[in-house]
*Asks:* 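Have a look at this one.
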Amino acid sequence: DGLPRADLPAYRGTLDAMRSAIRTEGWRGLYSGLTPALLGSGVSWGVYFCAYNQAKERNREWMKVDQLSPQMHLLSAAEAGSL
C-alpha cells in the first residue's frame, strides 16, 4: 500500500472489520470488486479449459488412441496450465 501504519484502521477481528465496512460503505461495500474478480476468473478458466481440450486432442492424435491415459491427462493439464 505504501501507507504508514498509523493511517491504517485498527480492527479487533474479522467481524469488527465487517461491521466497520458496513457502517462506512454499506452492504455493497462488502461486495465491491466482486464483479471484476468473477469476470477475470471466468475468462481465465475459459482459456484454461479451451487450452486443456486442445492439448488433449493433440495428444490423442499424436498417440493415435481413442482414450488418453491418466498420465497424458496430467500432461495435457500441465500444458494448459503453463499458459
*Asks:* When rounded to the nearest 0.5 angstrom, what is the spacing between OH in Tyr48 and OG in Ser41?
*Replies:* 14.5 Å
*Asks:* Report all side-chain donor-acceptor pairs from residues 24-40 shorter than 3.5 Å, counting only partners two or more places apart or in another chain.
*Replies:*
residue : atom : partner : partner atom : Å
Thr24   : OG1  : Ser20   : O            : 2.9
Thr24   : OG1  : Ala21   : O            : 3.4
Ser32   : OG   : Gly29   : O            : 3.2

*Asks:* Please list, chain by chain and in numerical order, all residues satisfying side chain to side chain donor-acceptor pair (under 3.5 Å) with Arg19, sequence neighbours excluded.
*Replies:* none
*Asks:* Any salt bridge (charged side-chain N to carboxylate O under 4.0 Å, His left out) pairs touching residues 47-57, not counting sequence neighbours?
*Replies:* Glu57-Arg60
*Asks:* Which side-chain N or O atoms in residues 64-83 pair as donor and acceptor under 3.5 Å with protein atoms at least two apart or in another chain?
*Replies:*
residue : atom : partner : partner atom : Å
Ser69   : OG   : Gln71   : OE1          : 3.3
Ser69   : OG   : Met72   : N            : 3.3
His73   : ND1  : Tyr52   : OH           : 3.1
Ser76   : OG   : Asn59   : ND2          : 2.9
Ser76   : OG   : Met72   : O            : 2.9
Glu79   : OE1  : Arg58   : NH2          : 2.5
Glu79   : OE2  : Asn59   : ND2          : 3.4
Ser82   : OG   : Glu79   : O            : 2.7

*Asks:* Does any pair with a residue in residues 32-45 pass salt bridge (charged side-chain N to carboxylate O under 4.0 Å, His left out), and if so which ones, sequence neighbours excluded?
*Replies:* none
*Asks:* Can you list the residues that meet the ring pair (Phe, Tyr, Trp, His ring centres under 6.0 Å) rule with Tyr11, with sequence neighbours excluded?
*Replies:* none
